[in-house]
Every structure is written in structure tokens, then in C-alpha cells.
Protein chains: 2
Amino acid sequence: MQLPIRLSKDSKTPIYHQIEEQVKALIAGGQLPAGTPLPSIRALSKDLEISVITTRRAYLNLEHGGFIQTSQGKGTFVADVSASIKEEVKVSAVYKAIENSVETALRHDYTLEQIEEVFKEVIAVLKEKGVS
Amino acid sequence: MQLPIRLSKDSKTPIYHQIEEQVKALIAGGQLPAGTPLPSIRALSKDLEISVITTRRAYLNLEHGGFIQTSQGKGTFVADVSASIKEEVKVSAVYKAIENSVETALRHDYTLEQIEEVFKEVIAVLKEKGVS
DNA sequence: TATACTGTTTATATCTATATACACAGTATA
DNA sequence: TATACTGTGTATATAGATATAAACAGTATA
């Protein structure tokens, strides 16, 4: 399984955290049903061109959070996450992201109207690219 | 001068970087005109309850970026940043923030319509709080 | 039972944040 | 004007987080 993960290597947020968030999103969104085998830490680290230890850490944190299960020698698999938790993950992550972006815009002296304008522009550009 | 800076200490982005971004925003937004004395690294570190070295690092990076000027014994002052650069800082920061939030929402399987809904909700909440 | 695949542990380097001690510049005042 | 005092930025040493490479150990299967 090839995970659709995109990393910002020059971002200030740790790589392992970026992986965690995106895997959570895939599980919460239903793209990765319970029991699905995840790529091995080696395969993923090769795919993302990062160290094995970094993917290992991301997987460890995801396991502690109850999102995946790993067993030595076998591999790593998506855990059985309840629908309510999935929904909670989705809603809170999206809300926080958008709230944060609006706060950033306000700090840059943008009015709510101007923010809405930029927002619509971003949407328009994404629609150009054929995003759903 | 008491800088209106808010830190997320549990955030994954380094403190010095949060300070840089917010000071840049204040300069680009015109709240801090050229020549304005910034708080000393000690005063700011005490205000934000962080180490002197961390504020020092933020100021150093801001100086390298041409946003402020520091002279030993005197203090730190806002540099004369051109209007075009100020505008560029504002636009790119806001655009990136909003673009990033939309990408996060898309990763969580949100449609553009749903994203717009959340966005409007965030705006509405902020208006409740009396934000401009 | 080889072999090739898993995850795991150990040791190392770099980045982030801190505490502490130091050197420089301005200002009051004896 | 000498001197002490206050405020400024600067340098060094230390602890923890982040990322890496290399060696170790369990599991499946040809």
C-alpha cells in the first residue's frame, strides 16, 4: 500500500508529526479501514526519503493513540477506531486548521472580508486544478 | 512597548519562529513603524516567560532578514522596510496560511462546500467575539 | 532451514531551549 | 570628570527533542 503522504521538509513542524496527522486523516476519512496493512517503516521511509527511525516514531505515537497496531515481524495494521472518534478527529483537525489560518490573517491586519476574498481565491485555484 | 505576541508553547513550531512571524506581521501591518524601539530581549523574554536566548535568536533572524536593527547597549529598533516588501510579507503569509488550511481540510475528506461552511462558522464565531 | 521480510534497540549528530556569566553603552551624581 | 549604576547585547555550557545510521530480533514462507 502506497500512502498518499506529502511532507514539507522545510516546515518547522516535525516530520513525524506531519506523518501522524496525515495517517490519522486517512483513517478517520475511511480511506484506510480497520485491518488494512500499512507500509513497513522501511518502505514508507524509502518512499518519503526519510529515516526509518522517523517513520518508526510516527507509528509508535499512532499506536499509543490507538489508531494502529504493530506486531514485530508481521507488520503494522489499522486499528478498529470507532466512528465517533473518527468524526471527532476530522472535525477538530479541520476546525483548528481553518481557525488558525484566520487568526494568522487577522494578525496580518486583514479584515474578515479580505480573508474571505483570499479564501475564495484559494478555492478557485484548487478547482482549476480539478480538486473535488 | 509591549508587543502583542501570543505563543503556543505546546505547538510543534519553535518559539523563536513564532516570535519572528508575529513581529514580521506587526511590521508589515504598519503597527510598528520604522525606528520604533522594540522591547529589550530581557523584557520580552520576561513578558513571554521564555529564555533570553530564545528572544535573542528571534531578533537575530529578524535582523538577518532586514526587518530590525540592533545595536549593543542601545537596543533594538524597527528597520526601514519598503512598502513593497511589507505587502509581499503580508500577502504571502496570509495566502500560505489559508492554502494550508484548505489542504488540511481536503485531506480530511472535506468537500469545498463543506470547507466553506466551516470557514463561515469560524468567521461567525470571531464576529461574536467582536473581531473586526 | 534458508532467506527475505517484518519491527526493535543502540549509538550518534543536529536542532531547540535554557541558565549563567560576561562585555558594552548610556545616565545620574558625588 | 570620575565613578557607580542600570540597561543593552554577547558568549559559553548544558539538557532535551528531533533525525539519522547501523546492528539486533522476531515472523513468514519458499
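Residue numbers begin at 1 in each chain, while the letters A, B, ... track the order of the sequences. Below, each value reflects all heavy atoms present in this structure, side chains not excepted, and no hydrogens, waters or symmetry copies.
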Grab the [atom1]-[atom2] distance between [X] and [N] for me, whole Å please.
{"X": "A:Asp10", "N": "C:dC15", "atom1": "CG", "atom2": "P", "answer": "15 Å"}
{"X": "B:Asn61", "N": "C:dC15", "atom1": "CG", "atom2": "C1'", "answer": "13 Å"}
{"X": "B:Glu63", "N": "D:dT8", "atom1": "CD", "atom2": "C1'", "answer": "14 Å"}

(message) Quick one: does any side-chain atom of A:Thr70 pair with a main-chain N or O of A:Thr76 as donor and acceptor, under 3.5 Å?
(response) no
(message) Any side-chain to backbone donor/acceptor pair from B:Gln18 onto B:Thr13? Under 3.5 Å, distance only.
(response) yes
Specify the closest pair of heavy atoms between [X] and [Y], including all atoms of both residues, with the distance to one decimal.
{"X": "B:Leu32", "Y": "B:Thr36", "value": "C-OG1, 3.9 Å"}
{"X": "A:Ala58", "Y": "A:Tyr16", "value": "CB-O, 3.6 Å"}
{"X": "B:Asp80", "Y": "B:Ala34", "value": "CA-CB, 3.8 Å"}

Complementary nucleotide for [N] - Watson-Crick or wobble, under 3.5 Å:
{"N": "D:dA23", "answer": "C:dT8"}
{"N": "C:dT29", "answer": "D:dA2"}
{"N": "C:dT16", "answer": "D:dA15"}

(message) If I take atom CD1 from residue A:Ile27 and atom CG from residue A:Leu62, how far apart are they, to the nearest 0.5 angstrom?
(response) 6.5 Å
(request) Report the distance from atom CG of B:Leu48 to atom CZ of B:Arg6, rounding to the nearest 0.5 Å. (result) 12.0 Å
(request) Find out whether A:Val118 and A:Tyr110 are in side-chain contact, i.e. whether some heavy atom of one side chain is under 4.5 Å from a heavy atom of the other. (result) yes
Nucleotides 18-20 of chain D: which of its N/O atoms have a protein N/O under 3.5 Å away?
from	atom 1	to	atom 2	distance (Å)
D:dT18	OP1	A:Tyr16	OH	3.2
D:dT18	OP2	A:Tyr16	OH	3.1
D:dT18	OP2	A:Arg57	NH2	2.8
D:dA19	OP1	A:Ile15	N	2.9
D:dT20	OP2	A:Ser51	N	2.9
D:dT20	OP2	A:Thr54	OG1	2.6

Extract from the structure each pairing of a protein N or O with an N or O of nucleotides 3-7 of chain C at less than 3.5 Å, listing the distance.
from	atom 1	to	atom 2	distance (Å)
C:dT6	OP1	A:Ser40	OG	3.4
C:dT6	O2	A:Gly73	N	3.4
C:dG7	OP1	A:Thr76	OG1	2.9
C:dG7	OP2	A:Ile41	N	3.1
C:dG7	O3'	A:Thr70	OG1	3.4
C:dG7	N7	A:Arg42	NH2	3.0
C:dG7	O6	A:Arg42	NH2	2.2

